[in-house]
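Below is one structure; the comments refer to it alone.
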Amino acid sequence: MAKHCVSASPSSTPLLKDELDIVIPTIRNLDFLEMWRPFFQPYHLIIVQDGDPSKVIKVPEGFDYELYNRNDINKILGPKASCISFKDSACRCFGYMVSKKKYIYTIDDDCFVAKDPTGKEINALEQHIKNLLCPSTPFFFNTLYDPYRDGADFVRGYPFSLREGVPTAVSHGLWLNIPDYDAPTQLVKPLERNTRYVDAVMTIPKGTLFPMCGMNLAFDRELIGPAMYFGLMGDGQPIGRYDDMWAGWCIKVICDHLGLGVKTGLPYIWHSKASNPFVNLKKEYKGIYWQEELIPFFQSVALPKECTSVQKCYLELSKQVKAKLGKVDDYFNKLADAMIIWIEAWDDLNPSTPTAAKLPNGSSK
């Protein structure tokens with residue numbers, strides 16, 4: 001059968017060089033980019049500086065980048081800047097909004113280049129691009145995982161009508177060394193490290209939610225960008241460290257509705273340092289409590305067939321958040337309002353974003 005995957009490009013021509021931005025939230029000098037130079041230097045960087053805007057962030061020589069601090073965000077968005085979090089890495093989503101490229105890769109500044117079991121350095125960006133340029137299979141699970149990878153295919157019994165797959169909207173990568181644990185797990189397993197390298201990419205099935213981590217993540221901005229809002233976190237908010245989780249739950253129900261795919265697995269990065277579990281617990285404790293109601297909410301969300309674009313889906317989702325989660329805590333009323341402001345700001349900066357998306361083959365909608 002015909003394969004839909006992209007093959008490795010010649011070393012002189014990086015994949016999607018002019019179609020992808022790398023978004024990095026930070027409060028510190030970006031020395032970590034030296035390690036990523038062989039992989040990142042051909043690409044444009046969008047750096048979102050959190051915290052004190054008067055602090056000067058140093059970027060190594062030779063990188064093509066633009067840097068936005070809080071003053072810039074306020075100037076560009078005006079009153080709508082209220083939807084962008086402060087003193088939290090959730091501010092990265094401003095970079096998604098101002099980008100003009102089709103694809104986004106976002107990485108944290110404590111994420112280093114990992115090595116595969118043979119000792120070879122992993123080009124995480126290249127693997128993410130391969131994931132995004134290959135279809136996903138959300139409607140029927142393939143037991144050999146990604147059937148489009150070299151050396152794999154659809155197994156016996158896989159319906160031929162679903163083998164074209166659907167467009168991939170999100171590629172969720174993983175981490176060696178420090179796992180992405182919540183504070184209670186950090187506290188009881190302070191020395192645990194992830195040393196397992198699993199050579200697999202899989203599509204997360206339709207109807208299944210997942211905990212999305214934003215530190216090693218790529219997505220198709222044209223397919224799902226308006227839903228990739230990292231919420232209200234950090235300064236002045238009762239919760240933190242749920243920015244990527246919130247975005248992950250939102251994008252998954254919207255991808256399921258629109259017939260788009262979400263992949264997880266390769267590539268790995270090396271997560272270099274663990275954050276303070278006591279600080280994390282203070283940020284997370286309401287989220288740990290609330291998520292027992294948030295997850296059933298997202299599992300039961302139904303988007304009407306009139307929601308044919310990401311924006312329409314997201315605005316409908318904001319209504320349901322206010323109606324059903326507002327009673328959990330008033331924070332969710334504020335978050336629902338911020339979701340609407342986010343879409344308005346996105347459309348202000350991206351007036352050509354399509355307002356309707358044709359549902360791909362295989363969608364049950």
Q) Can you find a pair of side-chain heavy atoms, one from S275 and one from R241, that are under 4.5 Å apart? A) yes
**Q.** Side-chain heavy-atom pair C255, I224 within 4.5 angstrom cut-off
**A.** yes
According to a hydrophobic-cluster definition based on side-chain heavy atoms being under 4.5 Å apart (Ile, Leu, Val, Met, Phe, Trp, Tyr only), do [X] and [Y] belong together?
X    : Y    : value
F112 : L176 : yes
I295 : Y331 : yes
I27  : I24  : no
F230 : F86  : no

Q) Under the criterion side chain to side chain donor-acceptor pair (under 3.5 Å), which of K17, K100, E66 is the partner of H44? A) E66
Q) Who pairs with Q237 by side-chain hydrogen bond (donor to acceptor under 3.5 Å, both in side chains), at least two apart in sequence or on another chain? A) none
Q: Assess whether atom NZ of K101 is packed by more than 12 heavy atoms of other residues, nucleotides or ligands within 6.0 Å.
A: yes
Q: Check step by step if salt bridge (Lys or Arg N to Asp or Glu O under 4.0 Å) holds for K87 and D50.
A: CA-CA 6 Å; K87 294 187 178 178; D50 197 16; over 6 Å; no
Q: May I have all residue pairs that pass salt bridge (Lys or Arg N to Asp or Glu O under 4.0 Å) and include part of residues 257-270, sequence neighbours excluded?
A: D146-K263
Q | Pairs satisfying salt bridge (Lys or Arg N to Asp or Glu O under 4.0 Å), at least one member in residues 172-191, at least two apart | A | K189-E192
Q.
Could you check whether Y105 and F219 have their ring centres less than 6.0 Å apart?
A. no
(Q) Determine whether F278 and L281 satisfy the following criterion, side chain to side chain contact (heavy atoms under 4.5 Å, CB included), listing intermediate values before the conclusion. (A) CA-CA 5 Å; F278 296 101; L281 185 60; 5.6 Å; no
(Q) Connecting only ILVMFWY residues whose side-chain heavy atoms lie within less than 4.5 Å of each other, what is the rest of M202's hydrophobic cluster? (A) F141, Y145
Q) Is L191 isolated, or which residues cluster with it under the ILVMFWY side-chain rule of less than 4.5 Å, directly or via members? A) none
**Q.** I47/L30 under side chain to side chain contact (heavy atoms under 4.5 Å, CB included): CA gap, chis, key distance, verdict
**A.** CA-CA 10 Å; I47 300 161; L30 293 180; 3.5 Å; yes
Q.
Between I269 and W36, does the side chain to side chain contact (heavy atoms under 4.5 Å, CB included) criterion hold? Intermediate values first, please.
A. CA-CA 11 Å; I269 51 83; W36 288 99; 3.7 Å; yes
(Q) To the closest 0.5 Å, what do you measure between CG (D244) and OG1 (T106)? (A) 10.0 Å
Q | Value rounded to 0.5 Å, distance of CE in M212 from CH2 in W249 | A | 10.5 Å
Q) Checking side chain to side chain contact (heavy atoms under 4.5 Å, CB included) for the pair V170/M228: CA distance, chi angles, key distance, verdict? A) CA-CA 10 Å; V170 179; M228 201 57 87; 4.0 Å; yes
List for me each residue that meets side-chain contact (heavy atoms from CB on, under 4.5 Å) alongside [X], sequence neighbours excluded, and say none if there are none.
X    : value
A274 : I178, Q186
L77  : I73, K80, A81, I84, F94, M97, A345, L349
N142 : L144, P147, F154, V155, Y158

Q) Looking at K130, R149, H128, which hits side chain to side chain contact (heavy atoms under 4.5 Å, CB included) with L266? A) R149
Can you name the residues that form a ring-ring contact (aromatic ring centres under 6.0 Å, His included) with [X], not counting sequence neighbours?
X    : result
Y197 : Y268
H172 : F210
Y43  : none

What pair of heavy atoms forms the shortest contact from [X] to [Y], and how long is it?
X    : Y    : value
A183 : E284 : N-OE1, 2.8 Å
L335 : L232 : CD1-N, 3.7 Å
D108 : F32  : O-CE1, 3.5 Å

(Q) Suppose the criterion is side chain to side chain donor-acceptor pair (under 3.5 Å): which pairs have a residue in residues 285-307, not counting sequence neighbours? (A) Y242-Q291
Q: Please check if any side-chain donor atom of N131 sits under 3.5 Å from a side-chain acceptor atom of Q127, or the reverse.
A: yes
Q: Dump the intermediate steps for salt bridge (Lys or Arg N to Asp or Glu O under 4.0 Å) on R92 and D243, then the final yes or no.
A: CA-CA 10 Å; R92 79 176 78 220; D243 51 337; 5.0 Å; no
